[in-house]
Amino acid sequence: MKNNLELWSAVEKTDPNHTKKANVKGNKITSIKPQYQILQATKQWGSYGSTWGFKDVSLGYELTGVGLVTFKATFYYPNGEFETINTISIYKDNAQTKVDDDLAKKVETDTLTKSLSKLGFSADIFLGRYDDVRYVAEVTKEFTQKPTLTEDKFSGYKDWTDAQIQSVKKNYKLTEEQLIKLNK
């Protein structure tokens, strides 16, 4: 039986070290660092542009009268592709006096985030889980790097109690060899 959620499950959780709180037009949101998303997609599919990314990109200026530029493209990845569209303000400020010279880069980055989100990348943020402090504490703990257990500290493992072994397994990053020895 095919697992349609395989990719989603692999990429839905977001490392809190790669997020930040932002205020977008009065809305408090959690934003994701774009380079982190590119890293996660690269882990799944390989280098950007070779097996995944945008093709047929175009910027449209039909909405400049209302201060917007459109970004249209096809997002492709190993298992498919889909059309995507987004808009961005031409201006940096609400008074519409300062033209945003980074608008093309910003709209491409935002569209990449939106495209990856459709496949499950950082779904925990888009599902509102980052609004729950308990969830954020859980995921922070999950992504926290455990220290490596040195061979010096490991050398006395034969004298450890079951409680000590469980504590070491929980609190340290163990080599495969160390795990095998502890599980005997």
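Counting from 1, the numbers follow the sequence of the chain as shown.
To the nearest 0.5 Å, the span separating NZ on K173 from CG on L149 amounts to 12.5 Å. To the nearest 0.5 angstrom, I90 atom CD1 is 13.0 Å from D101 atom CG. Within the model, atoms CD of E177 and CZ of F154 stand 8.0 Å from one another, a figure rounded to the nearest 0.5 Å. From K105, atom NZ reaches atom CG of D100 across 9.0 Å, with rounding to the nearest 0.5 Å. Summarising the geometry, atom CG belonging to N4 is positioned 10.0 Å from atom CD belonging to E6; distances are rounded to the nearest 0.5 Å. Within the model, atoms OG of S115 and CG of D110 stand 9.5 Å from one another, a figure rounded to the nearest 0.5 Å.
Although no hydrogens or angles enter the test, the distance criterion places no donor-acceptor pair under 3.5 Å between the side chain of W52 and the main chain of P78. With hydrogens and angles ignored, the 3.5 Å screen pairs a side-chain donor or acceptor of D93 with a backbone N or O of K98. Side-chain N or O atoms of K33 include one that pairs as donor or acceptor with a backbone N or O of N17 at under 3.5 Å. Although no hydrogens or angles enter the test, the distance criterion places a donor-acceptor pair under 3.5 Å between the side chain of S117 and the main chain of K114. Under the 3.5 Å distance criterion, the side-chain polar atoms of Y77 are left unmatched by any main-chain donor or acceptor of L119. At least one donor-acceptor pair closer than 3.5 Å links the side chain of Y130 to the backbone N or O of T14.
Clustering ILVMFWY residues whenever any of their side-chain heavy atoms sit less than 4.5 angstrom apart, transitively, puts L103 in the very cluster that holds L112. No continuous path of ILVMFWY side-chain contacts below 4.5 Å connects V11 to L127, so the two sit in separate hydrophobic clusters. V107 and V57 fall within a single hydrophobic cluster, where Ile, Leu, Val, Met, Phe, Trp and Tyr are joined by side-chain heavy atoms under 4.5 Å apart, directly or via other members. Residues L59 and F75 fall within the same hydrophobic cluster, defined by Ile, Leu, Val, Met, Phe, Trp and Tyr side chains chained together at heavy-atom separations under 4.5 Å. Following chains of ILVMFWY side-chain contacts shorter than 4.5 Å, one cannot reach I88 starting from V66, and the two form parts of different hydrophobic clusters.
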Run the side-chain contact (heavy atoms from CB on, under 4.5 Å) check on F143 and K13 step by step: do they pass?
CA-CA 10 Å; F143 279 96; K13 290 186 180 178; 4.1 Å; yes
Run the side-chain contact (heavy atoms from CB on, under 4.5 Å) check on F126 and T113 step by step: do they pass?
CA-CA 11 Å; F126 296 103; T113 294; 3.7 Å; yes
Salt bridge (Lys or Arg N to Asp or Glu O under 4.0 Å) between R134 and E138: does it pass, once the steps are laid out?
CA-CA 6 Å; R134 288 173 293 188; E138 261 178 48; over 6 Å; no
Walk me through it: do K158 and K181 pass the test side-chain contact (heavy atoms from CB on, under 4.5 Å)?
CA-CA 9 Å; K158 289 182 180 177; K181 287 179 180 179; over 6 Å; no
Just do the side-chain contact (heavy atoms from CB on, under 4.5 Å) check on E12 and R129 with the steps written out, would you?
CA-CA 11 Å; E12 70 180 322; R129 291 184 184 146; 3.6 Å; yes
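Counting non-hydrogen atoms of neighbouring residues, nucleotides and ligands closer than 6.0 angstrom, the NZ atom of K146 exceeds 12 such neighbours. Annotation: D102, atom CG; neighbour count of heavy atoms from other residues, nucleotides and ligands within 6.0 Å is above 12. By the neighbour-count criterion of 12 heavy atoms within 6.0 Å, atom NZ of K170 is sparsely surrounded, having that number or fewer from other residues, nucleotides or ligands. N183 CG: more than 12 foreign heavy atoms inside a 6.0 Å radius. Within 6.0 Å of OH in Y172 there are 12 or fewer heavy atoms belonging to other residues, nucleotides or ligands. More than 12 heavy atoms of other residues, nucleotides or ligands sit less than 6.0 Å from atom CD of E142.
Side-chain polar atoms of D124 and Y135 form a donor-acceptor pair below 3.5 angstrom. In this model, no donor atom of one side chain and acceptor atom of the other lie less than 3.5 Å apart for K20 and T30.
Side-chain contact between Q35 and H18 is absent, with no heavy atoms from C-beta onward closer than 4.5 Å. You'll find the side chain of L179 stays beyond 4.5 Å of the side chain of E176, heavy atoms only.
Taking all atoms of both residues into account, the shortest heavy-atom contact from P16 to V139 is CG-CG1, 3.6 Å. A pairwise comparison of heavy atoms in K118 and W8 identifies O-CZ3, 4.0 Å as the closest pair. Taking both residues in full, the closest heavy atoms of F71 and A73 are given as CE2-CB, 3.7 Å, listed atom of the first, atom of the second, then distance. Closest of all the heavy-atom pairs between T84 and F54 is CG2-CE2, 3.8 Å. Taking all atoms of both residues into account, the shortest heavy-atom contact from G67 to Y91 is CA-CE1, 4.1 Å. Of all heavy-atom pairs between Q37 and I32, the closest is CG-CG2, 3.6 Å.
Within the 6.0 Å centre-distance limit, the rings of W45 and F121 are counted as a close aromatic pair.
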